[in-house]
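First comes the structure, then the notes that go with it.
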Amino acid sequence: MKVLRMKRIHILGRKNHGKTTLIVRLIKKLAELGYKVGAIKHTHHAHQLDVPGKDSHRFGEAGAAGVGILSRDQSAFFWPRNASDENAGDDLDQYAQFSEMFASCDFVLVEGDTQTDGKKIEVWRAEVGSEPLAKEDASIVAVVSDDAPEVDCPIWSRSNLDELIKNLLGVLK
């Protein structure tokens, strides 16, 4: 089985620095420019994604290897992840699971996942009062901010969306 590699970039930042807002702005603008962009929300927290008590949830509890939901508006597929699986934390393995679903996308924006070996940019605002992650993490390729953080990587303007997209596309090449 050939493993497809998604072009992806991780948008990082501490709480309330504007990661989601920036991703939404990027998706809208990139879609207007004709790009097909996927999005993944990464979290280290355990969340129940399916609704307990609903049929689909009951199928999973019964031991289904995967459960799909099809509706007029959306479709979803749930599969269990076990932290004790051999490669459960392996970066390639965890994102490869999504490769087929995002195969038609030009690239994927992932919110979060500081532990990835994927390309990362940080969103940072001075008014929040925390230090940039880029001070501790040399793998962050740029910081998106309209402030002037003291970091050892490029700072891309948060306000100039056209220039930001140009820089982002350069990193994805």
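Side chains included, hydrogens not; waters and symmetry mates left out as well; all remaining heavy atoms used.
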For residues L169 and Y35, determine if any side-chain heavy atom of one lies less than 4.5 Å from a side-chain heavy atom of the other.
yes
Output all residues satisfying side chain to side chain contact (heavy atoms under 4.5 Å, CB included) with S71, sequence neighbours left out; order by chain, then residue number.
D73, Q74
Report the distance from atom OG of S56 to atom CG of L70, rounding to the nearest 0.5 Å.
11.0 Å
With the 4.5 Å side-chain cut-off for hydrophobic clustering, are I9 and Y95 part of the same group?
no
Look at the side chain of H10 and the backbone N and O of K119, then say whether any donor-acceptor pair between them is shorter than 3.5 Å.
no
Pairs where residues 52-62 contributes a residue and the test salt bridge (Lys or Arg N to Asp or Glu O under 4.0 Å) is met, not counting sequence neighbours
none
Under the side chain to side chain contact (heavy atoms under 4.5 Å, CB included) test, which residues partner D152, sequence neighbours left out?
none
Taking side chain as C-beta onward, heavy atoms only, is E122 less than 4.5 Å from W156?
no
Keeping the roles fixed (side chain from D113, backbone from H42), state whether a donor-acceptor pair exists under 3.5 Å.
no
Residue list, side chain to side chain donor-acceptor pair (under 3.5 Å) with D137, at least two apart or on another chain
K120, S139
For R125, side chain to side chain donor-acceptor pair (under 3.5 Å) partners two or more places apart:
E127
Say whether I23 and I40 are linked into one hydrophobic cluster, either directly or through other cluster members, by side-chain heavy-atom distances under 4.5 angstrom.
no
Is there a continuous path of hydrophobic side-chain contacts, each under 4.5 Å between heavy atoms, that joins L30 to L172?
yes
Under the 4.5 Å side-chain heavy-atom rule for ILVMFWY, direct or indirect, which residues accompany L133?
L12, I140
Give the cluster check for L33 versus I27: same hydrophobic cluster or not, with ILVMFWY residues linked at side-chain heavy-atom distances below 4.5 Å.
yes
Could you verify whether a donor N or O on one side chain and an acceptor N or O on the other, from H17 and S130, lie under 3.5 Å apart?
yes
Can you give me every donor-acceptor pair (side chain of residues 101-111, partner residue at least two apart or in another chain, under 3.5 Å) with its distance?
from	atom 1	to	atom 2	distance (Å)
S104	OG	K36	NZ	3.0
D106	OD2	K36	N	2.7
E111	OE1	T20	OG1	2.8
E111	OE2	T20	OG1	3.0
E111	OE2	K41	NZ	3.2

Indicate yes or no for a side-chain donor-acceptor contact from K29 to the backbone of I165 under 3.5 Å, with no hydrogens or angles considered.
no
Side chain to side chain contact (heavy atoms under 4.5 Å, CB included) involving V151 - partner list, sequence neighbours excluded:
P132, A134, K135, V143, P149, C153, I155
Path from V37 to L164 over hydrophobic side-chain contacts below 4.5 Å
yes
Sort and list the pairs that fulfil salt bridge (Lys or Arg N to Asp or Glu O under 4.0 Å) and have at least one residue in residues 9-28, not counting sequence neighbours.
R14-E136
Sequence neighbours left out, what passes side chain to side chain contact (heavy atoms under 4.5 Å, CB included) with E163? Give chain and number order.
N160, K166, N167
Hey, does V144 have a side-chain heavy atom less than 4.5 Å from the side chain of W124?
no
Could you report the tightest heavy-atom contact between D146 and R158, atom names first, then the distance?
OD1-N, 2.9 Å
